[in-house]
Student: 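This is the structure I have questions about; it appears just below.
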Amino acid sequence: MKRRTEQQEAMMEDIIQKAEPYVQQQLEHDHSGHDWWHIDRVRKLSVEIAAKEGADPFVCELSALLHDVADEKLNESKQAGLDKVEQWLHLHVNDADVITHVMTIIATMSYNGGQNPPMETLEGQVVQDADRLDALGAIGIARTFMYAGSKGSIMHEPGQDYSQYEYRAAGKSAIYHFYEKLLKLKDLMNTPYARELAEVRHQWMEMYLEQFYKEWNVNDIQQNRGG
């Protein structure tokens with residue numbers, strides 16, 4: 001990665017500072033777990049992973065900040081969201097290569113049922129890892145139920161087979177989402193550092209599910225009686 005001048009660093013910092021309030025304004029009414037605080041965590045994770053893996057921190061941070069502004073879950077369509085982000089970038093970023101790089105990352109980083117192609121650049125891998133890490137662990141569990149509640153989905157439906165449903169189809173339970181996506185993410189991390197972080201968060205989810213089923217089936221009470 002080329003060393004940047006002080007002037008370039010100052011310009012990039014100015015872009016980041018302009019992106020922050022824009023993203024906050026775009027996502028201020030979100031109640032699905034894709035709010036500003038999700039963005040801020042993904043941004044921080046991206047910067048941390050970029051430093052460990054030698055990726056461009058500016059491209060990673062800017063992509064992380066803007067990625068959910070374009071999310072199809074929060075726009076009329078995926079293309080409408082992408083157009084909105086690209087318009088903002090053209091207003092604030094003079095480097096066409098940076099705009100192309102950021103747009104490519106945002107357009108292809110979502111899980112999409114595991115159907116999207118692999119990220120082509122290290123920066124894309126970093127931001128994708130950061131976003132996936134925020135879907136794991138204690139925060140990931142909280143966001144799963146927050147999203148399910150925002151869509152009117154049920155918590156759990158024992159014995160129900162959702163495997164024939166489309167990935168984004170409505171009507172699936174929150175607990176099923178662990179199996180269709182969350183528990184798969186650990187093995188889909190791109191970078192070594194993200195894999196380390198994912199391992200711990202994955203274990204927390206496994207422990208949570210174990211306790212969830214005990215309480216759902218009231219086995220925890222039976223165990224206490226047995227003791």
Side-chain angles (χ1 to χ4, degrees), residues 1 3-4 8-71 73-74 81 85 88-89 92-93 98-99 101-111 119 121-147 181-182 185-205 208:
M1 186 175 63
R3 187 175 181 83
R4 294 184 170 113
Q8 289 173 321
E9 293 285 353
M11 289 176 61
M12 289 185 295
E13 181 60 31
D14 181 63
I15 292 168
I16 294 296
Q17 289 178 359
K18 288 176 179 174
E20 290 174 353
Y22 170 70
V23 175
Q24 289 174 339
Q25 183 269 327
Q26 289 291 314
L27 302 179
E28 63 181 343
H29 299 300
D30 177 75
H31 301 291
S32 71
H34 299 83
D35 54 13
W36 163 251
W37 298 111
H38 162 65
I39 298 296
D40 192 44
R41 290 189 300 271
V42 173
R43 177 254 290 269
K44 290 173 180 174
L45 282 165
S46 294
V47 171
E48 177 73 15
I49 299 169
K52 291 279 188 178
E53 303 293 344
D56 185 325
F58 172 64
V59 169
C60 290
E61 186 171 9
L62 186 58
S63 300
L65 280 169
L66 294 170
H67 80 277
D68 267 346
V69 174
D71 195 296
K73 294 187 292 294
L74 307 176
V85 172
W88 188 92
L89 286 168
H92 297 91
V93 179
V98 168
I99 293 174
H101 197 172
V102 170
M103 288 303 302
T104 300
I105 291 172
I106 292 173
T108 56
M109 67 178 281
S110 69
Y111 181 68
M119 300 300 279
T121 66
L122 178 58
E123 290 72 25
Q125 293 174 355
V126 165
V127 180
Q128 186 177 64
D129 282 353
D131 190 41
R132 289 176 172 179
L133 281 167
D134 203 55
L136 297 177
I139 290 291
I141 293 167
R143 291 182 64 224
T144 296
F145 288 104
M146 189 175 184
Y147 184 79
K181 177 183 177 182
L182 306 185
L185 294 180
K186 173 178 68 73
D187 296 325
L188 296 176
M189 294 294 162
N190 301 291
T191 61
Y193 185 52
R195 285 194 287 272
E196 292 178 26
L197 298 175
E199 189 68 45
V200 177
R201 297 187 181 204
H202 181 88
Q203 290 173 10
W204 275 106
M205 291 198 308
Y208 172 79

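Numbers here simply count residues along the sequence, with the first being 1.
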Student: Which residues pass the ring pair (Phe, Tyr, Trp, His ring centres under 6.0 Å) test with His34, not counting sequence neighbours?
Tutor: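 His38, Tyr147.
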
Student: Who pairs with Lys52 by salt bridge (charged side-chain N to carboxylate O under 4.0 Å, His left out), at least two apart in sequence or on another chain?
Tutor: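 If we apply the salt bridge (charged side-chain N to carboxylate O under 4.0 Å, His left out) test to Lys52, skipping adjacent residues, there are no hits.
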
Student: Closest heavy-atom contact between Leu182 and Ala135?
Tutor: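 Shortest heavy-atom contact: CD2-O, 3.5 Å.
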
Student: Among residues at least two apart in sequence or on other chains, which ones pass side-chain contact (heavy atoms from CB on, under 4.5 Å) with Asn190?
Tutor: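 Testing Asn190 for side-chain contact (heavy atoms from CB on, under 4.5 Å), a comparison that skips the adjacent residues, returns Gln125, Gln128, Asp129.
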
Student: Mind checking side-chain hydrogen bond (donor to acceptor under 3.5 Å, both in side chains) for Thr121 and listing every partner two or more places apart, or none if nothing turns up?
Tutor: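 Only His101 meet the side-chain hydrogen bond (donor to acceptor under 3.5 Å, both in side chains) criterion with Thr121.
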
Student: Going by the ring-ring contact (aromatic ring centres under 6.0 Å, His included) test, which pairs reach into residues 43-62, not counting sequence neighbours?
Tutor: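 Sorted pair list comes back empty.
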
Student: Output every pair passing salt bridge (charged side-chain N to carboxylate O under 4.0 Å, His left out) with a member in residues 19-37, not counting sequence neighbours, ordered by first then second residue.
Tutor: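 Passing the test, one end in residues 19-37: Glu20-Arg43.
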
Student: For Arg195, which residues count as a side-chain hydrogen bond (donor to acceptor under 3.5 Å, both in side chains) partner, sequence neighbours excluded?
Tutor: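 Result, side-chain hydrogen bond (donor to acceptor under 3.5 Å, both in side chains) vs Arg195: none returned.
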
Student: Please identify each residue that fulfils side-chain contact (heavy atoms from CB on, under 4.5 Å) with Ala19, with sequence neighbours left out.
Tutor: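 Listed in chain order: Leu62, Leu65, Trp88.
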
Student: What distance separates Leu197 CG from Met189 CE, expressed to the nearest 0.5 Å?
Tutor: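 Atom-to-atom, Leu197:CG and Met189:CE are 8.5 Å apart.
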
Student: Verify the neighbour count for atom CE of Met146: are there more than 12 heavy atoms of other residues, nucleotides or ligands below 6.0 Å?
Tutor: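 Result for CE/Met146: enclosed.
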
Student: Give the minimum heavy-atom separation between Thr104 and Thr108, together with the two atoms involved.
Tutor: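 Residues Thr104 and Thr108, closest heavy atoms: O-OG1, 2.7 Å.
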
Student: Just to verify, what does Gln26 make a side-chain contact (heavy atoms from CB on, under 4.5 Å) with, not counting sequence neighbours?
Tutor: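 Counting only residues at least two positions away or on another chain, Gln26 forms a side-chain contact (heavy atoms from CB on, under 4.5 Å) with Tyr22, Val69, Lys84.
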
Student: With rounding to the nearest 0.5 angstrom, report the CD1 to CD distance, Ile49 to Glu123.
Tutor: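 So the CD1 of Ile49 and the CD of Glu123 are separated by 12.5 Å.
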
Student: Please enumerate all residues that pass side-chain contact (heavy atoms from CB on, under 4.5 Å) together with Val47, with sequence neighbours excluded.
Tutor: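 Checked Val47 against side-chain contact (heavy atoms from CB on, under 4.5 Å); matches are Glu61.
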
Student: On a heavy-atom basis, which atom in Val126 and which in Ser46 lie closest, and how many Å separate them?
Tutor: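 Closest heavy-atom pair between Val126 and Ser46: CG1-O, 3.4 Å.
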
Student: Drop me the distance from Leu185's CG to Lys181's NZ, to the nearest 0.5 angstrom.
Tutor: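 Taking CG in Leu185 and NZ in Lys181, the distance rounds to 6.0 Å.
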
Student: Please round to the nearest 0.5 Å and tell me the distance separating atom OG1 of Thr144 and atom OH of Tyr208.
Tutor: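 Reported value, rounded in 0.5 Å steps: 9.0 Å.
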
Student: Search all heavy atoms of Ala70 against all heavy atoms of Val85 and return the closest pair with its distance.
Tutor: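 Taking Ala70 first and Val85 second, the nearest heavy atoms are CB-CG2, 3.6 Å.
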
Student: Look up atom CE in Met103 and atom OG in Ser63, then write down how far apart they are to the nearest 0.5 Å.
Tutor: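 So the CE of Met103 and the OG of Ser63 are separated by 10.0 Å.
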
Student: Just wondering, more than 12 heavy atoms not from Trp36 lying within 6.0 Å of its CH2?
Tutor: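 Check passes, neighbour count above 12.
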
Student: Would you give the length of the straight line joining atom CG of Asp131 to atom OG of Ser110, rounded to the nearest 0.5 angstrom?
Tutor: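 Nearest 0.5 Å value for the CG-OG distance: 8.5 Å.
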
Student: Start with the C-alpha distance between Lys44 and Asp134, add both sets of side-chain angles, then the distance that settles salt bridge (charged side-chain N to carboxylate O under 4.0 Å, His left out), and finish with yes or no.
Tutor: CA-CA 11 Å; Lys44 290 173 180 174; Asp134 203 55; over 6 Å; no

Student: Holding to salt bridge (charged side-chain N to carboxylate O under 4.0 Å, His left out), I want the full list of residues that pass it with Arg201, two or more places apart in sequence or in another chain.
Tutor: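 Salt bridge (charged side-chain N to carboxylate O under 4.0 Å, His left out) list for Arg201, sorted by chain: empty.
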
Student: Just to verify, what does Glu13 make a side-chain hydrogen bond (donor to acceptor under 3.5 Å, both in side chains) with, not counting sequence neighbours?
Tutor: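 Only Gln17 meet the side-chain hydrogen bond (donor to acceptor under 3.5 Å, both in side chains) criterion with Glu13.
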
